[in-house]
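Here is the structure we will look at.
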Amino acid sequence: MQELSQEDFTALLAFRTGLRRFLRWSEEAARAAGLTPAQHQLLLAVKGHGAGRPPTIGELADYLLLRHHSTVELINRAENAGLVERERDPADNRVMRVRLTTTADRVLAELARVHLAELRSLAPVLDRLNTELSALESPPDSCQPSRGPNSTQQ
């Protein structure tokens, strides 16, 4: 494996710093909307599931990278706050599914708007980092002929 350069570490630092800043900004935006960051993530997992039916608790645990019992506690608190509702799966009465309330749907829609706008503003930074990482991965004195669209090789 190739030895890491100072540029590798600088690129990793820039990426992780940008990611942490976005996450901190996201947590503050959730709090300003009256949610905890965990509730925001839960609501996004429920809404983003998009499989034609509400997600199960197990599916939400997978999205949130939590254990089942921790997810149940988060859902309990969100349910008490009027953000989600549980319902039995009509095909399997043992399975609980979770859906958003209309209140949560409205709050999440507004949070999604500001998050997408923030991500769009970060796109140039991410593009630059991607370009820099791609340049670091390419060998400097490549002996490979160009195969791009302007290549004259047959």
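Treat the numbers as computed from the prediction; the structure is a model and nothing was measured.
- Taking each heavy atom of A45 and P55 in turn, the nearest pair found is O-CG, 4.5 Å.
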Show, in sequence, the C-alpha distance, side-chain angles and deciding distance for V114 and E118, and conclude whether the side-chain contact (heavy atoms from CB on, under 4.5 Å) test is met.
CA-CA 6 Å; V114 296; E118 183 69 12; over 6 Å; no
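- Considering NE2 of H69 and CG of N76, their distance stands at 12.0 Å, rounded to 0.5 Å.
- For R88, the salt bridge (charged side-chain N to carboxylate O under 4.0 Å, His left out) test picks out no residue, with sequence neighbours left out.
- By the 4.5 Å heavy-atom criterion applied to side chains, R31 and H40 are not counted as neighbours.
- Residue L83 holds its CG atom at 5.5 Å from CG of L43, rounded to the nearest 0.5 Å.
- Of all the heavy atoms in K47 and D105, the pair that sits closest is NZ-OD1, 2.8 Å.
- Annotation: side chain of L35 is in contact with side chain of L111 (closest heavy-atom distance under 4.5 Å).
- Evaluated for a side-chain hydrogen bond (donor to acceptor under 3.5 Å, both in side chains) with R99, the options E85, H49, E87 yield exactly one hit, E87.
- Between atom CG of residue L108 and atom CD of residue E110 there is a gap of 10.5 Å, rounded to the nearest 0.5 Å.
- For R53, the CZ atom sits in a loose shell: 12 or fewer heavy atoms of surrounding residues, nucleotides or ligands are nearer than 6.0 Å.
- The main-chain N or O of I57 is never found under 3.5 Å from a side-chain atom of T71 such that the two would form a donor-acceptor pair.
- Two different hydrophobic clusters hold L126 and L12 under the rule that ILVMFWY side chains link at heavy-atom gaps under 4.5 Å.
- Going from atom CZ of R94 over to atom OG1 of T56 covers 12.5 Å, rounded to the nearest 0.5 Å.
- Side-chain contact between R86 and V72 is present, with heavy atoms from C-beta onward closer than 4.5 Å.
- In the hydrophobic clustering (ILVMFWY side chains linked at under 4.5 Å, chained through shared members), L4 is joined by F9.
- W25 and L122 fall within the same hydrophobic cluster, defined by Ile, Leu, Val, Met, Phe, Trp and Tyr side-chain heavy atoms under 4.5 Å apart, directly or through other members.
- Note that CG of L42 and OG1 of T36 are 8.5 Å apart. Values are rounded to the nearest 0.5 Å.
- Taking the six-membered ring where the residue is Trp, F22 and H115 present perpendicular rings, their angle passing 60° and hence far from 30°.
- Follow the hydrophobic side-chain contacts under 4.5 Å out from V95 and you never reach I75; the two are in separate clusters.
- The CZ atom of R16 lies 7.5 Å from the CG atom of L19; values are rounded to the nearest 0.5 Å.
- Listed by chain and number, the residues in a salt bridge (charged side-chain N to carboxylate O under 4.0 Å, His left out) with E28 amount to none (sequence neighbours excluded).
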